[in-house]
Amino acid sequence: DAGVTQSPTHLIKTRGQQVTLRCSPISGHKSVSWYQQVLGQGPQFIFQYYEKEERGRGNFPDRFSARQFPNYSSELNVNALLLGDSALYLCASSFVRGVGVETQYFGPGTRLLVL
Amino acid sequence: QKEVEQNSGPLSVPEGAIASLNCTYSDRVSQSFFWYRQYSGKSPELIMSIYSNGDKEDGRFTAQLNKASQYVSLLIRDSQPSDSATYLCAVNKDSGTYKYIFGTGTRLKVLA
């Protein structure tokens with residue numbers, strides 16, 4: 001079975017530009033989460049979507065937005081890029097088995113470099 | 001105080017030894033706990049999940065959870081050079097939050 005897929009794998013942008021990252025979850029998974037991981041740190045939660053509804057949002061500015069499509073794939077958009085947005089962006093897919101019981105599986109990530 | 005704390009390491013162990021990785025968390029309502037392995041330049045890979053106090057074993061890996069003391073640990077028996085990676089501890093705070101809080105990770109080096 002295919003795992004979580006993300007595109008593109010690498011991206012170089014300049015300050016002020018906008019970027020869209022894409023994620024397809026594992027087949028059968030309806031929940032997608034987005035994380036930002038800067039070098040030397042653990043992943044930081046950005047968003048979670050379940051059944052196309054936003055279920056959680058981390059402490060990121062409004063320049064970050066996301067959505068989930070009917071096929072459960074998801075996009076993360078970042079506007080007005082800053083140098084500090086350079087990071088590995090991870091998508092995680094999960095199957096919600098019950099309240100508080102879900103396990104997240106990560107995709108390979110998109111490495112974003114802002115110049 | 002960070003919500004999830006790990007010693008950044010590096011933790012160096014000889015091949016064949018037991019590696020012990022520790023993680024503490026601050027929020028007592030945390031329900032689910034996870035260990036991920038991350039090789040340099042790669043994404044995190046799930047190793048273990050644990051939800052109840054006690055030990056959970058899977059092959060060479062054992063996760064230990066003590067909710068009263070708010071710590072979770074990962075033991076790797078018969079460590080191999082291929083185990084050299086950063087190990088991330090993640091905590092799911094409660095059923096309504098649906099987000100994982102990660103520690104900064106512990107870098108493990110297994111010396112051949």
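Just so we're on the same page: letters track the sequence lines, and every chain starts at 1. The shown structure was predicted, so the numbers you read here are calculated from the model rather than taken from an experiment.
Of all non-hydrogen atoms in T103(A) and Y100(B), the two that sit nearest each other are CA-OH, 3.3 Å.
A 6.0 Å sphere centred on CG of L39(A) holds no more than 12 heavy atoms belonging to other residues, nucleotides or ligands. Within a 6.0 Å sphere centred on CG of D62(A), other residues, nucleotides and ligands contribute 12 heavy atoms or fewer. Summarising the local packing, NZ of K2(B) is surrounded by 12 or fewer heavy atoms from other residues, nucleotides or ligands at distances under 6.0 Å.
Chain B forms more heavy-atom pairs under 4.5 Å with one residue of P108(A), P43(A), G42(A), G109(A) than with any other, namely P43(A). By number of non-hydrogen pairs under 4.5 angstrom with chain B, the leading residue of Q44(A), Q37(A), Q41(A) is Q37(A).
A salt bridge (charged side-chain N to carboxylate O under 4.0 Å, His left out) check over residues 4-21 of chain A, counting only residues at least two apart or in different chains, returns nothing.
Taken together through direct or relayed side-chain contacts under 4.5 Å among Ile, Leu, Val, Met, Phe, Trp and Tyr, Y35(A) and L112(A) form parts of separate hydrophobic clusters.
Heavy atoms of Q38(B) lying under 4.5 Å from chain A belong exclusively to its side chain.
Listed for the Y36(B) side chain is no donor-acceptor partner under 3.5 Å among the backbone atoms of F106(A).
Using a 4.5 Å heavy-atom cutoff, the side chains of L46(B) and Y105(A) are in contact.
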